[in-house]
Amino acid sequence: QVQLVESGGGLVQAGGSLRLSCTNSGSIARIDTMAWYRQAPGKQRELVALISRGGRTNYPDSVKGRFTISRDNAKNTVYLQMNSLKPEDTAVYYCNAKVDWQYYWGQGTQVTVSS
């Protein structure tokens with residue numbers, strides 16, 4: 001089983017930075033793509049950043065240039081460095097991992113950016 005454990009969420013002022021991490025604490029697994037999503041109240045969950053096992057990344061325009069996703073394959077861990085945070089970045093951030101045929105989600109971590 002895959003168990004994604006997230007950390008790093010919290011409260012930060014606009015313009016500040018935050019670093020999220022997510023790792024598989026379950027059974028040993030070769031994780032394919034890893035990604036971060038976020039969901040604000042009343043809105044659909046949206047992709048924040050995605051990284052392939054080979055290191056290719058993808059970002060939506062809303063975070064491009066501010067957020068950076070990275071991974072450590074040996075640790076099956078994905079990170080999200082968030083800089084120049086804006087109040088509109090406030091949401092619950094979820095880790096996602098693809099393992100073979102399955103997709104797994106973390107429990108979510110709250111990120112709140114004050115103006």
Side-chain angles (χ1 to χ4, degrees):
Q1 298 294 321
V2 174
Q3 297 177 347
L4 301 179
V5 180
E6 301 166 322
S7 63
L11 175 65
V12 65
Q13 292 187 345
S17 298
L18 212 57
R19 178 180 170 88
L20 307 181
S21 63
C22 170
T23 189
N24 175 27
S25 65
S27 61
I28 298 175
R30 182 186 182 277
I31 298 179
D32 298 319
T33 58
M34 301 189 77
W36 288 95
Y37 290 76
R38 67 186 181 188
Q39 187 168 25
K43 298 181 63 178
Q44 288 193 323
R45 189 170 299 184
E46 64 175 344
L47 176 69
V48 175
L50 182 146
I51 184 168
S52 71
R53 186 170 180 84
R56 295 183 180 181
T57 59
N58 185 52
Y59 306 92
D61 290 339
S62 59
V63 307
K64 194 173 298 181
R66 300 188 298 119
F67 291 8
T68 302
I69 188 172
S70 61
R71 66 186 293 169
D72 185 329
N73 290 336
K75 297 180 179 179
N76 278 335
T77 299
V78 63
Y79 306 92
L80 183 66
Q81 179 66 47
M82 303 184 292
N83 299 325
S84 301
L85 283 163
K86 305 174 181 179
E88 48 263 47
D89 294 320
T90 296
V92 178
Y93 283 70
Y94 297 91
C95 177
N96 175 265
K98 179 185 177 185
V99 181
D100 295 329
W101 302 97
Q102 303 294 321
Y103 293 84
Y104 300 88
W105 293 95
Q107 78 285 352
T109 184
Q110 178 70 47
V111 172
T112 302
V113 184
S114 62
S115 60

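Computed from a predicted structure; not experimentally measured.
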For this session: Indicate the ring-plane relationship of Y93 and F67, choosing parallel, tilted or perpendicular according to the 30° and 60° boundaries.
Result: tilted
Taking the side chain as everything from C-beta on, heavy atoms only, tell me whether [X] gets closer than 4.5 Å to [Y].
X	Y	value
L4	N24	yes
L20	V111	yes
T90	Q110	yes
I69	V78	yes
D89	R66	yes
Y94	V48	no
S62	R38	yes

Within this structure, what is the [atom1]-[atom2] distance for the pair [X] and [Y], rounded to the nearest 0.5 Å?
X	Y	atom1	atom2	value
Y79	I51	OH	CD1	11.5 Å
L18	Q81	CG	CD	8.0 Å
E46	Q39	CD	CD	9.5 Å
N83	T68	CG	OG1	6.5 Å

Exercise. Side chains of R56 and N58: do they bring a donor and an acceptor to under 3.5 Å?
Worked result: no
For [Y], is there any backbone N or O sitting under 3.5 Å from a side-chain donor or acceptor partner on [X]?
X	Y	answer
T33	L50	no
R71	G55	no
E6	G108	yes
Y37	W105	no
D32	A97	no

For this session: Check the hydrophobic clustering (I, L, V, M, F, W, Y; side-chain heavy atoms under 4.5 Å; chains of links allowed) and say if M34 and Y59 are grouped together.
Result: yes
Exercise. Do you reckon W36 sits in the same ILVMFWY cluster as L47, going by side-chain contacts under 4.5 Å, direct or chained?
Worked result: no
For this session: Locate the shortest heavy-atom distance separating S115 from P87; write the atom from each residue and the value.
Result: CB-CG, 3.9 Å
